[in-house]
Amino acid sequence: MNPPTVTVAIPTYNGEKTIEKAILSALNQSWPNKEILVINNGSTDKTAEIIERFRGAVLHVFFKEKIGRAKARNEALQRANGHWIQWLDHDDYLEPNKIKNHFSLTTQLDAIDVFYSPIIAVSPEGKEKYVPSAKTMHKPLLSLWFSSELPQTGGYLWKKESAIKIGGWRDDAPLFDDYELVGRAIQSNLRFSLTPIPGAYWNYRNKPMPHAQALDFINQKKKCMDRMVQWLIQTGRMDPELQIEIGKAYFLIARWLAKEGKIEEAVALERKQKAVGLFYVDGSWRYNVSYSLFGFFATEKIQSLFRLR
């Protein structure tokens, strides 16, 4: 049986500073059967010029107008010749054996829809951490999903037909597009397989978001979580351990809302989720003591005083 072909799909918009490293990491994959597909999403800098240096080794699809990230990824999904697809953002890169490591741990490819592996998250200062960490890596998939400990886009390898089956990428949660996609895959009963070897690097930014973007960020994650909770209840898949993880996730959402000045919304969320057993306070011991004595509203007011210092 011939090794399956893998398409490494790289959407890019104005990626002149990083696109070369991303392409080289795809070309340097030790897996022999691969194609590299770059979707140039209306770049106006030197991105196209850099991609053209790899003419013959890389398929370059150039859109003159920006079509958006979800559409660019779906364009790659439709054009890919591979049986499997490895998405890679233009400012990230892969370990040389990333694809090979997935396939080397199993011969039962028919029984798998999505491989996932830890990523190495790199801060602007160059500090590295694994996501998920070695400590949490083997936790159930849904627990990792609710705690946002699943890897970013590059940490997955998708069977093409399975990604198409669930409708590909959507842009209704653009700040959480990979989170939303994986959530939909779980709800569609796709079969996931863990490869416990880190395979991709994710360069993340840790600067504060503008207020409006932060609220979008919060609401998009909450929207994804609400859908998942509804699905869990409807399908009878809720269990006590998972309830705690969900409760922690809603606690974090409430705290984010309070931090952004939406204390009334935060309190309303706390009350709603607490009433259904899906709110779990997971703060420092000082926070937990304050919460038990004074409640959420007062505790967050106290926290806001410390933030203003």
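For this chain, numbers begin at 1 and follow the sequence in order.
The backbone N or O of G154 lies less than 3.5 Å from a partner atom in the side chain of K98, making a donor-acceptor pair. Remark: side-chain polar atoms of T7 are not paired, donor with acceptor, to backbone N or O of A9 under 3.5 angstrom.
Nearest approach of L269 to A254, heavy atoms of both residues: CD2-N, 3.9 Å. Closest approach of S147 and E149 over heavy atoms only: OG-OE1, 2.7 Å. Of all non-hydrogen atoms in N41 and Y13, the two that sit nearest each other are O-CD1, 3.1 Å. A258 and E300 make their closest contact through CB-OE1, 3.5 Å (heavy atoms, listed as atom of the first residue, atom of the second, distance).
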What do the steps show when you test Y156 against V182 for side-chain contact (heavy atoms from CB on, under 4.5 Å), and what is the final call? CA-CA 10 Å; Y156 300 91; V182 172; 3.5 Å; yes
Please lay out, stage by stage, how L77 and W158 fare under the test side-chain contact (heavy atoms from CB on, under 4.5 Å). CA-CA 10 Å; L77 181 59; W158 293 78; over 6 Å; no
Working note: I50 + E16, criterion side-chain contact (heavy atoms from CB on, under 4.5 Å); need CA distance, chi angles, decisive distance, verdict. CA-CA 7 Å; I50 294 170; E16 63 180 8; 3.9 Å; yes
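The ring of F251 has its center closer than 6.0 angstrom to the ring center of Y287. Between Y280 and Y250, the ring centre distance reaches or exceeds 6.0 Å.
Under the side-chain contact (heavy atoms from CB on, under 4.5 Å) test applied with P132, the options P118, S148, P196 reduce to a single match, P118.
Comment: E180 engages R184 in a salt bridge, judged by a side-chain N to carboxylate O separation of less than 4.0 angstrom. Salt bridge annotation for D177-R73: present, with a cationic side-chain nitrogen under 4.0 angstrom from a carboxylate oxygen.
The aromatic rings of F296 and Y291 lie perpendicular to each other, with more than 60° between the two planes, well past the 30° mark.
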